[in-house]
Amino acid sequence: MKADNEMKLEFLSKSQNESFARSVVAAFAAQLDPTIEELAEIKTAVSEAVTNAIIHGYSREIGIVVIVSRIISNRVEIEVKDFGVGISDIELARQPLYTSKPELERSGMGFTVMETFMDKVEVESKTGEGTTIYMTKTIMTVR
Amino acid sequence: MKADNEMKLEFLSKSQNESFARSVVAAFAAQLDPTIEELAEIKTAVSEAVTNAIIHGYSREIGIVVIVSRIISNRVEIEVKDFGVGISDIELARQPLYTSKPELERSGMGFTVMETFMDKVEVESKTGEGTTIYMTKTIMTVR
Amino acid sequence: MSIDFEYIDRLLIVRINGDIDHHSCEEIRSKIDKEIIAKNPKSILFDMGQVGFMDSSGIGVLIGRYKLIADSGGKAGMINVKPQIMRLCEICGLQKIIKIYAGKKQAVASIKE
Amino acid sequence: MSIDFEYIDRLLIVRINGDIDHHSCEEIRSKIDKEIIAKNPKSILFDMGQVGFMDSSGIGVLIGRYKLIADSGGKAGMINVKPQIMRLCEICGLQKIIKIYAGKKQAVASIKE
Ligand SMILES: Nc1ncnc2c1ncn2[C@@H]1O[C@H](COP(=O)(O)OP(=O)(O)O)[C@@H](O)[C@H]1O
Ligand SMILES: Nc1ncnc2c1ncn2[C@@H]1O[C@H](COP(=O)(O)OP(=O)(O)O)[C@@H](O)[C@H]1O
């Protein structure tokens with residue numbers, strides 16, 4: 001299905017870009033006229049995925065994070081991609097409270113938050129090649 | 001010189017993306033802690049370049065507009081690129097009040113605004129291949 | 001973006017709410033022109049108090065409306081112009097064509113005289 | 001992002017101003033921990049009234065501070081939690097650990113009892 005609108009954002013995996021990335025997606029999704037709540041949910045989900053790319057995907061090195069977003073009628077699609085270490089056991093990674101970095105005080109709730117705030121979350125990953133998180137959310141325009 | 005931070009944004013040449021594009025660049029430049037005035041100047045210059053890509057570069061067809069932005073110490077660099085018709089006479093195009101589309105009520109002041117609000121504006125263009133506007137602005141952090 | 005119209009005799013006051021860029025221009029232009037054609041005002045005053053952003057596309061629209069009004073002998077003015085938009089107007093020489101007034105009272109008095 | 005500290009006897013009230021994400025976490029953590037080490041409060045109350053955004057990185061930081069305080073028998077609470085952040089806390093089960101109070105008075109009374 002052809003997108004009504006589409007954008008792609010690439011940025012360095014620096015933590016200062018987390019707030020930048022979520023505000024870019026929010027600005028793009030704003031054309032669907034979401035409620036403040038829906039917009040906050042999208043921002044939070046994007047923040048989780050981007051943070052994961054930065055701290056898990058790339059750890060200490062600086063890589064490139066790519067976000068692709070599409071608007072298709074009243075649905076927003078968001079892909080967050082890194083070319084980092086990848087996830088060896090996706091099922092385990094998606095478990096609530098599971099984190100591979102408890103020493104960083106990670107809560108292990110990132111995937112759970114994404115799943116709760118978005119309608120659909122798919123994870124594609126290959127060890128040594130990187131990870132793509134694919135999320136969609138339909139905006140309920142009837143207020 | 002290596003950039004302290006860098007981002008690349010690609011989007012469709014639809015007019016609704018004009019405000020999106022300028023807010024993305026403003027959000028990125030915000031890390032230099034510019035004044036409200038400096039930020040407004042950057043937004044306006046980006047809006048001019050993006051509008052030109054949309055209405056002059058691509059006219060009626062939909063193409064891709066690319067913005068690359070870099071932060072190098074307290075300077076922001078912004079490139080706005082299209083793959084549209086190109087500019088045959090750059091010197092003429094940059095003249096205040098010159099517009100090739102007076103029927104659209106264009107003021108012909110876009111380049112003049114970019115030049116006034118940014119420290120440097122360079123234009124690279126080839127007929128039939130597209131146009132790149134390259135702009136820089138140093139943020140005066142001493143308030 | 002939305003537009004409110006108000007009249008003081010045959011002076012049309014146009015309050016634009018929202019950004020003025022190429023995207024919003026077409027709607028702004030067509031709404032104001034419809035109003036001008038329907039009500040045939042003598043002069044026009046743009047209230048810019050609710051305009052947070054404007055670029056040179058906006059300059060084009062304002063000059064276009066000015067021309068419509070000036071063609072039949074009317075005047076045009078602007079009020080409540082924010083500093084950032086003031087600078088854009090200066091750069092584009094707009095205040096030579098559409099005078100910027102300090103307030104509504106002064107603007108109305110000067111345009112109607 | 002900035003943090004203010006206030007004391008009611010040995011209850012430390014931490015007001016965080018700004019977004020809580022992975023980027024701001026390290027600074028938030030180190031500032032609060034320095035304060036805890038220096039002043040040795042018994043309990044801790046987070047005032048979230050100036051927090052416009054928080055993600056699960058923030059959950060990690062809050063739980064981490066809670067643990068520090070709970071280890072020496074203290075309690076933790078939160079006030080002025082915005083609806084959006086409330087939902088995040090629910091999803092993550094944070095209110096089971098750090099109680100959310102309706103206001104400062106109730107929080108102080110309950111934590112100090
Ligand atoms: N982009 C990624 N690259 C590599 N590993 C990832 C990525 N995203 C998530 N993971 C793995 O999945 C785990 C769970 O992620 P998440 O639920 O967000 O919790 P947290 O980030 O708090 O650890 C992470 O600890 C990590 O091992
Ligand atoms: N990206 C572009 N692609 C093709 N032509 C362009 C582009 N940008 C500017 N131009 C040409 O330069 C002229 C002057 O541009 P500008 O000063 O912004 O004024 P305006 O947009 O009001 O016409 C335009 O009318 C157009 O002919």
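The sequence lines fix the lettering, A, B, ..., with proteins before strands; numbering per chain opens at 1. Scope of the values below: all heavy atoms of this structure, side chains included, with no hydrogens, waters or symmetry mates.
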Pairwise side-chain contact, [X] with [Y], heavy-atom cut-off 4.5 Å (strictly under):
{"X": "C:Asp19", "Y": "B:Arg22", "answer": "yes"}
{"X": "C:Gln84", "Y": "B:Lys43", "answer": "no"}
{"X": "B:Arg106", "Y": "C:Ser57", "answer": "yes"}

State the CG-OG distance between C:Asp21 and B:Ser15, to the nearest 0.5 angstrom.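 Here the rounded value is 7.5 Å.
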Which portion of C:Ile91 sits near chain B, non-hydrogen atoms under 4.5 angstrom: both
Less than 4.5 Å to any heavy atom of chain B: does that hold for the side chain of C:Asp55, its backbone, both, or neither? both
Other residues, nucleotides, ligands: >12 heavy atoms within 6.0 Å of [X] [atom1]:
{"X": "B:Glu103", "atom1": "CD", "value": "yes"}
{"X": "B:Glu124", "atom1": "CD", "value": "no"}
{"X": "B:Lys137", "atom1": "NZ", "value": "yes"}
{"X": "C:Glu26", "atom1": "CD", "value": "no"}

Any idea which heavy atoms bring B:Leu104 and C:Arg29 closest together, and the distance?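 Closest approach of B:Leu104 to C:Arg29: O-NH1, 3.9 Å.
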Heavy-atom pair with the smallest gap, counting every atom of C:Ser56 and B:Ser107: O-OG, 3.3 Å
Residue among C:Ile63, C:Leu88, C:Ile85 with most heavy-atom pairs under 4.5 Å to chain B: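 The option with the most such pairs is C:Leu88.
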So which residue, B:Ile55, B:Leu97, B:Thr99, B:Thr112, ends up with the most heavy-atom pairs under 4.5 Å with chain C? B:Ile55
Under a 3.5 Å distance rule, please check whether B:Glu18 uses its side chain to pair with a backbone N or O of C:His23 as donor and acceptor. yes
Contact class of [X] relative to chain C, heavy atoms under 4.5 angstrom:
{"X": "B:Ser19", "value": "both"}
{"X": "B:Ile54", "value": "side chain"}
{"X": "B:Lys14", "value": "neither"}

Got a salt bridge between C:Lys67 and B:Glu105, using NZ or NE/NH1/NH2 to carboxylate O under 4.0 Å? no
